[in-house]
Structures are given as C-alpha cells and as structure tokens.
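Everything numeric here is computed off the predicted structure, so don't read it as measured data.
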Amino acid sequence: GAVVSQHPSRVICKSGTSVKIECRSLDFQATTMFWYRQFPKQSLMLMATSNEGSKATYEQGVEKDKFLINHASLTLSTLTVTSAHPEDSSFYICSARRDTEQYFGPGTRLTVT
Amino acid sequence: EDKVVQSPLSLVVHEGDTVTLNCSYEVTNFRSLLWYKQEKKAPTFLFMLTSSGIEKKSGRLSSILDKKELFSILNITATQTGDSAIYLCAVLGGSNYKLTFGKGTLLTVNP
C-alpha cells in the first residue's frame with residue numbers, strides 16, 4: 001500500500017509561537033508532497049506544493065514567510081506555522097504523490113489559543 | 001483559475017434512498033477526476049476517473065465521467081446511515097498533478 005503519516009495528529013499552542021507539522025511517506029518515495037488546509041465546514045484548500053530539494057510553490061494568498069515548508073528528503077516534508085494566531089487554527093492535511101495518485105495523511109488539527 | 005463545483009452542498013435522505021451527487025469542473029490540463037469520502041479525519045479515496053463513459057463501481061457506489069460536458073456524478077444506492085459523510089470531488093490537473101477540490105456535499109442519511 002501507500003501510507004502517509006502526519007505528526008502530531010493534534011496540537012494546541014499559544015498565540016505567537018511556532019508549530020511544526022511533519023508529513024512522511026512510509027513505504028514509498030515522494031518527490032512531490034502537497035499541503036492543504038481545511039476550515040470547519042469547508043473544503044480542502046491547497047496551500048502549497050512541496051518539491052524535494054527545491055523551494056515550495058505557494059498558492060495565491062498563502063504567505064510563504066508564515067507557512068515555511070521544507071522537503072529535505074524523499075519521504076519527509078514539514079510545514080512550520082510561524083507566529084501562529086487563532087485564525088490559523090485549522091485542520092492541516094498533507095498528501096504525497098506517487099505516480100499520478102495522491103495519498104493523504106490523517107491530518108493535524110491545530111488550535112491556537 | 002481552476003474550478004470545481006459540487007451540488008447539492010447538502011442533502012438529507014432516509015435509509016434505502018438512492019442519491020446522486022454532482023461535480024462540474026473547469027481545469028487546465030485535466031488528468032483525472034477523483035471522489036473522496038470524508039468523515040472525521042482526512043479524505044478516503046473512492047474512485048479515480050480518467051475516461052468518459054466508463055462507469056466505476058464499488059458495492060453500492062458508482063461514478064461516471066463526461067469529459068465533453070466536464071462533469072461527473074457519484075451515485076449511492078440503498079443508502080445506509082454509515083454513508084453519512086462529506087463527499088469531495090477533486091480534479092487532478094496542471095504540470096505538477098495539483099488537486100483542486102470542490103466544496104463537498106454533506107450527505108446525511110437518517111434511519
């Protein structure tokens with residue numbers, strides 16, 4: 001199978017702090033990973049495309065200095081939410097691409113107090 | 001800008017009913033259309049459709065794609081309460097295999 005994990009599954013942090021979320025492809029190598037954000041009762045919105053060994057491509061309206069993405073290996077991408085604010089509270093989901101398919105991680109629920 | 005539109009946005013039915021969920025799209029470099037079911041966590045994959053007119057089936061769920069009219073439908077027959085979920089349609093396109101999601105259809109199946 002194609003398994004993607006995310007860590008942590010749930011995190012609560014204080015306003016102004018930074019939070020790092022990891023996305024790992026466990027049984028395959030992924031040159032491309034994607035980060036999505038989902039607010040309550042809304043659909044998944046693509047935030048950025050993470051390519052191994054190069055800079056991430058951010059979607060319009062997503063601040064690249066606030067959402068730092070690092071894809072340092074073929075099995076790991078990280079998303080760091082810097083100086084988090086309550087409006088950053090959301091469900092963050094990553095996916096890893098293998099061939100033409102994407103496999104989703106279980107998601108990370110971030111709550112900023 | 002790529003766009004995926006789902007309808008209806010929500011639907012309430014009784015167990016045993018049949019439902020049809022709709023998805024239309026405008027995407028550059030279309031590669032495939034995917035349906036997902038989302039309950040409390042991340043979406044789970046249902047179908048991937050690449051060719052027009054070929055029905056994909058899995059138990060009580062089936063789906064078909066019309067690439068000329070740019071839409072797809074997802075049918076669920078003999079619905080059960082366990083089918084209650086958000087059903088997401090997404091289209092894979094672009095040079096980097098980017099997924100664009102619709103807003104989803106919230107299906108509630110009452111006993």
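- Dense packing is recorded around NZ of B/Lys67, with more than 12 heavy atoms of other residues, nucleotides or ligands lying under 6.0 Å away.
- With values rounded to the nearest 0.5 angstrom, B/Lys103 atom NZ is found 13.5 Å from A/Leu44 atom CG.
- For the set A/Pro106, A/Gly107, A/Gly105, A/Ser9, the count of heavy-atom pairs under 4.5 angstrom toward chain B peaks at A/Pro106.
- When the shell of 6.0 Å around CE of B/Met48 is examined, it contains more than 12 heavy atoms from other residues, nucleotides or ligands.
- Residue A/Lys66 qualifies as enclosed at atom NZ: its count of foreign heavy atoms under 6.0 Å is above 12.
- Transitive grouping of hydrophobic side chains (ILVMFWY, heavy atoms separated by less than 4.5 Å) keeps A/Ile93 and A/Ile21 in distinct clusters.
- Residues B/Leu99 and A/Ser95 have side chains not in contact (no heavy-atom distance under 4.5 Å, counting atoms from C-beta outward).
- With a 4.5 angstrom heavy-atom cutoff, B/Gln38 touches chain A only via side-chain atoms.
- With respect to B/Lys98, the side chain to side chain contact (heavy atoms under 4.5 Å, CB included) criterion is satisfied by exactly one of A/Gln102, A/Arg97, A/Glu59: A/Glu59.
- Taken to the nearest 0.5 Å, the CZ atom of B/Phe45 stands 10.5 Å off from the CZ atom of A/Phe104.
- Contacts between A/Leu46 and chain B at a heavy-atom distance below 4.5 Å involve the side chain alone, from C-beta outward.
- Among the candidates B/Ser32, B/Ala42, B/Pro43, B/Ala90, the residue making the largest number of heavy-atom pairs closer than 4.5 Å to chain A is B/Ala42.
- In the displayed structure, B/Lys57 atom NZ is contacted under 6.0 Å by more than 12 heavy atoms of other residues, nucleotides or ligands.
- Heavy atoms of other residues, nucleotides or ligands lying less than 6.0 angstrom from NE2 of A/His85 number more than 12.
- One hydrophobic cluster, built from ILVMFWY side chains closer than 4.5 Å, cannot hold both B/Val91 and B/Ile73; they sit in different ones.
- No side-chain donor-acceptor contact under 3.5 Å links A/Ser43 to the backbone of B/Gly104.
- In this structure, the portion of A/Gln38 lying under 4.5 Å from any heavy atom of chain B is its side chain and not its backbone.
- There is a path of hydrophobic side-chain contacts, each under 4.5 Å, that joins B/Trp35 to B/Val13.
- A/Tyr36 touches chain B through its side chain: at least one heavy atom from C-beta onward sits under 4.5 Å away, while N, CA, C and O do not.
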